[in-house]
Protein chains: 2
Amino acid sequence: MTPGVERMGSIDPRLAGARLMLSRVKAVVPVMSAKGGVGKTLVAVLTALHAARMGRRVGLLDLDVTSPSAHIALGVDPRRLQPEERDGVVPPEVAGVRFMTVAFYTWDKPTPLRGHAVDDAIREVLAVTNWGELDLLVVDTPPGLRDEALDTLEYLPGPRVLAVATPSRLARVGVERLLAILEEQGVDRYLVENMATGPGSLEELAERYKARYLGRIRYDPGVEDALGSPEKLLATEMARDTEQIARKLLEQLGL
Amino acid sequence: MTPGVERMGSIDPRLAGARLMLSRVKAVVPVMSAKGGVGKTLVAVLTALHAARMGRRVGLLDLDVTSPSAHIALGVDPRRLQPEERDGVVPPEVAGVRFMTVAFYTWDKPTPLRGHAVDDAIREVLAVTNWGELDLLVVDTPPGLRDEALDTLEYLPGPRVLAVATPSRLARVGVERLLAILEEQGVDRYLVENMATGPGSLEELAERYKARYLGRIRYDPGVEDALGSPEKLLATEMARDTEQIARKLLEQLGL
């Protein structure tokens, strides 16, 4: 994929700044979905928590400006825990993960989000966050195949996308579209099947679009009660399934 | 709410055309959600099917350009069933419901959707569709609080929004935001709780934002197997719960 800074016409110095801030990150993994409500955020959060537990230096960045919620899953109150400034903004550490979210800046504003404002918030957060050295940066992105999701791909260096999808028939067209776009853009891609109920059914789809299939996560209604506590989240059935996925992902990334 | 045509600056004659096409529709009900994956489409489809069964003249318009799927729920193949032209485009009738979808025009294109293209497709469909006389037009809208969802509100005359939300804590902030925006814009609003598991919990939220709470729809995994057939859909548990909602909605709308 052509680096984003050039493709965007180099008019925004923040994009060059973002590259610099991410220069000591070994692997950037945007977690994407063609549709909301497929559990993208929880997959992102659990993958980050697991990788940290496995001894990697991990960051988690919530760029889902449309509905930032990783902080809710982690039990972080954006009004109390604020990042400190030191050569940029240093993300606070939560359960061993350096955590940054657009919610630190946008919390409680009941405003509609116009296109340019969304893009602006994303560029801003990318430009100011000082990640330091990381093995893995997991990025929760806005759902859907819209500007803000696709632009994110251009702003991040060498993205390796973890696509999350459910086997629901209503969502199938969207998943195909996401994988087709990633293939067309030549972006490395992995597919995780979430809220799986019957036998796995997206594996064949992954194959068709040359995405590496990392496995299934079974539907776990118990996860709702674990929200707000990394420890409780890691004790859910969903976490057990996600642990295998995190392991495979690290292996694939050579970390 | 100020009529959309004026607010948009009257530059697009299609918006005036849309008003004309909708002038013999008694009530326009956009079905909205702050987040995808909450079952918005199925609520829209079932509400339309029920209202038609109850003897009303009903239209269903799928404007969810990001992921049109009402046709999948109804079992309509957009490549085979195409609307005919007669003073505009006349929607084909499916299970007693006049059905129109952006999928008639966008099917199978694996292209990313840029902001203006989305808005353009919505305006086009609104301007060309000849609904004739209707009691109720149910509109499935793009999820989220982005331009295309909010603009839809401005393009439709006298919208009465049916907001769909799940009790999930990760989604709660979004629901509040949606209701706050609707309240601020002075739009009539109803709230339906979908995928309810425990005891109802969004009723108090509806009250706070002066939205009329129409009830809960229990989580029904069986609905997946009923996709593609209006008859099967109407036989699900979800349909039983939605029937009460449709009844209350018609009552509220004086239809």
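Lettering of chains follows the sequences in order, A, B, ..., and the numbering in each one begins at 1. Computed from a prediction, not measured in an experiment: that's the story for all the values here.
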Check: Which bit of Pro167(A) comes within less than 4.5 Å of chain B, counting heavy atoms only: side chain, backbone, both or neither?
Finding: backbone
Margin query: With a 6.0 Å cut-off (strictly less than), is the heavy-atom count around CZ of Arg208(A), excluding the residue itself, greater than 12?
Written below: yes
Item checked: Minimal non-hydrogen separation, Arg169(A) against Glu224(B), with atom names -> N-OE2, 2.6 Å
Item checked: Spatial distance of atom CZ (Arg172(B)) from atom OG (Ser69(A)) [nearest 0.5 Å] -> 14.5 Å
Next item on the list: Take atom CZ of Arg212(A) as the centre, draw a 6.0 Å sphere, and report whether it contains more than 12 heavy atoms from other residues, nucleotides or ligands.
Entry: no
Check: What residue, out of Ser168(B), Pro143(B), Gly144(B), has the most heavy-atom pairs lying under 4.5 Å from chain A?
Finding: Ser168(B)
Checklist line | Most contacts with chain A, counted as non-hydrogen pairs under 4.5 angstrom, among Leu227(B), Val38(B), Thr41(B), Leu42(B) | finding: Leu227(B)
Check: Given the options Leu178(A), Ile72(A), Leu170(A), Thr166(A), which has more heavy-atom pairs under 4.5 Å with chain B than any of the others?
Finding: Leu170(A)
Check: Of the backbone (N, CA, C, O) and the side chain (C-beta and beyond), which part of Leu179(B) lies under 4.5 Å from a heavy atom of chain A, both, or neither?
Finding: neither
